[in-house]
Amino acid sequence: MLQNDINSKGNTQWFYFSVHNLPTNLDITFNIINLTKSDSLFNYGMQPAVFSKLGNKKNGQGWYRTGKDVSYYKNNIKRENSRRYLYTLTFKIRPQFQGDTIFISHCFPYSYSSLKEYMDSIVKSPYRKNFVQRSIIGKTVGNQNL
């Protein structure tokens, strides 16, 4: 079960979670049962985005899409205070490394490092820098520049 998306009126679609101490040679089935959209790109071949800590450590592997038996369908659970039904996303993942931790997401996370690189490229661009002013106005809860 997912929490509602932030700043929405009860929509639930995006997910990002991790699972730890995984076995290999075993398909693990995930069922997310309280999604709210009636259709999804998962119906058209999209797979969850996955990041393996051991895959990254051993061979530099980053985020990738994987999963088999991916299915998205209306289930028999009604939304709270509504006549409309919820939807289930189900998929299987087979971990590559014994004892691994993997992160699973709806889409590839956009990192703070990627944002900083992009902002630096704008400020350094001979053309774009004329239209941008950048300054630090505070700190985030994680002590990053805002």
Side-chain angles (χ1 to χ4, degrees), residues 1-125 128 132 134-146:
M1 299 280 296
L2 302 175
Q3 292 181 357
N4 290 340
D5 294 343
I6 294 172
N7 296 323
S8 77
K9 294 180 180 182
N11 293 326
T12 307
Q13 198 61 33
W14 192 87
F15 56 88
Y16 177 73
F17 60 91
S18 63
V19 285
H20 310 278
N21 198 24
L22 297 171
T24 55
N25 300 319
L26 180 68
D27 288 334
I28 301 171
T29 302
F30 295 89
N31 294 297
I32 301 173
I33 64 171
N34 66 322
L35 300 171
T36 56
K37 288 174 61 178
S38 61
D39 201 6
S40 171
L41 290 174
F42 291 110
N43 284 331
Y44 305 96
M46 187 169 93
Q47 299 169 302
V50 174
F51 181 88
S52 159
K53 283 180 104 174
L54 290 176
N56 182 263
K57 183 177 180 179
K58 291 181 182 209
N59 59 30
Q61 183 178 42
W63 283 90
Y64 59 98
R65 291 226 180 248
T66 192
K68 62 182 186 177
D69 299 332
V70 178
S71 181
Y72 187 93
Y73 57 91
K74 181 166 64 170
N75 60 38
N76 61 359
I77 304 169
K78 285 189 177 180
R79 290 180 73 168
E80 192 174 316
N81 301 320
S82 175
R83 294 193 325 242
R84 294 178 14 195
Y85 287 89
L86 295 170
Y87 293 81
T88 294
L89 169 63
T90 186
F91 55 91
K92 295 178 183 176
I93 292 179
R94 179 171 289 207
Q96 300 172 342
F97 303 101
Q98 184 69 33
D100 198 4
T101 294
I102 62 172
F103 298 85
I104 302 171
S105 181
H106 183 273
C107 54
F108 298 105
Y110 188 70
S111 69
Y112 181 66
S113 298
S114 295
L115 175 62
K116 283 176 53 176
E117 287 174 18
Y118 177 65
M119 295 301 294
D120 289 344
S121 76
I122 290 174
V123 173
K124 292 176 184 173
S125 165
R128 292 191 226 164
V132 175
R134 185 165 93 170
S135 59
I136 299 169
I137 60 171
K139 295 281 189 181
T140 68
V141 174
N143 202 35
Q144 300 294 337
N145 289 336
L146 183 66

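Keep in mind the model is a prediction, meaning the values are calculated, not measured.
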Exercise for the section: Please tell me if the side chains of V70 and T90 come closer than 4.5 Å, counting only heavy atoms from C-beta onward. Expected result: no
Problem - Where S52 and Q61 come nearest, the two heavy atoms and their spacing - result: CB-OE1, 4.5 Å
Problem - salt bridge (Lys or Arg N to Asp or Glu O under 4.0 Å) against D69, all qualifying residues, sequence neighbours excluded - result: K92
Problem - Any side-chain donor near an acceptor of the partner, N43 and Y73, under 3.5 Å - result: no
Exercise for the section: Kindly say whether S113 contributes a backbone atom to a donor-acceptor pair with the side chain of Y118 at under 3.5 angstrom? Expected result: no
Exercise for the section: Measure the shortest side-chain to side-chain distance between Y72 and K37 over non-hydrogen atoms and say whether it is less than 4.5 angstrom. Expected result: yes
Problem - Separation of L146 CG from Q144 CD (nearest 0.5 Å) - result: 10.5 Å
Handout entry: F108, CZ: over 12 other non-hydrogen atoms inside 6.0 angstrom
Key = yes
Practice task
Please name all residues satisfying side chain to side chain donor-acceptor pair (under 3.5 Å) with R94, sequence neighbours left out, ordered by chain then number.
Solution key: D27
Exercise for the section: Without swapping roles, check the side chain of S125 against the backbone of I122 for a donor-acceptor pair under 3.5 Å. Expected result: no
Completion exercise
Rounded to the nearest 0.5 angstrom, the CG-CE distance for N145 and M119 is 11.5 Å
Practice task
Give the minimum heavy-atom separation between D100 and G55, together with the two atoms involved.
Solution key: OD2-N, 4.4 Å
Handout entry: For S111, side chain to side chain donor-acceptor pair (under 3.5 Å) partners two or more places apart
Key = S114
Completion exercise
Distance col, row L35:CG vs M1:CE, nearest 0.5 angstrom, shows 10.0 Å
Exercise for the section: Would you please indicate yes or no on a ring centroid separation below 6.0 angstrom for F30 and F17? Expected result: yes
Exercise for the section: Would you give the length of the straight line joining atom CG of N56 to atom OG1 of T101, rounded to the nearest 0.5 angstrom? Expected result: 12.0 Å
Practice task
Supply the atom-to-atom distance L26 CG to I93 CD1, rounded to the nearest 0.5 angstrom.
Solution key: 12.5 Å
Handout entry: Ring-ring centroid check H106 F42, cutoff 6.0 Å
Key = yes
Exercise for the section: Could you pull out the closest heavy-atom pair between F51 and G62, with the gap in Å? Expected result: CD1-C, 3.8 Å
Problem - Nearest heavy-atom neighbours spanning Q3 and T12 - result: O-CG2, 3.7 Å
Problem - Residue pairs fulfilling side-chain hydrogen bond (donor to acceptor under 3.5 Å, both in side chains) with at least one residue in residues 77-89, sequence neighbours excluded - result: N75-T88
Practice task
Look at the rings of F15 and F91 and say which category their plane angle falls in: under 30° parallel, 30 to 60° tilted, over 60° perpendicular.
Solution key: parallel
Completion exercise
When every non-hydrogen atom of P48 is compared with those of I104, the smallest separation belongs to CB-CG2, 4.0 Å
Exercise for the section: With sequence neighbours left out, write down each residue that passes side chain to side chain donor-acceptor pair (under 3.5 Å) with S40, or none if nothing qualifies. Expected result: none
Problem - Taking every non-hydrogen atom, the tightest pair across I28 and P95 - result: CD1-CG, 3.9 Å
Problem - Separation of I77 CD1 from L86 CG (nearest 0.5 Å) - result: 6.0 Å
Handout entry: Short N-O contact, D120 and R134, less than 4.0 angstrom
Key = yes
Problem - Residue list, side chain to side chain donor-acceptor pair (under 3.5 Å) with K124, at least two apart or on another chain - result: none
Exercise for the section: Determine yes or no for a side-chain-to-main-chain donor-acceptor pair under 3.5 angstrom, with R65 supplying the side chain and Q47 the backbone. Expected result: yes
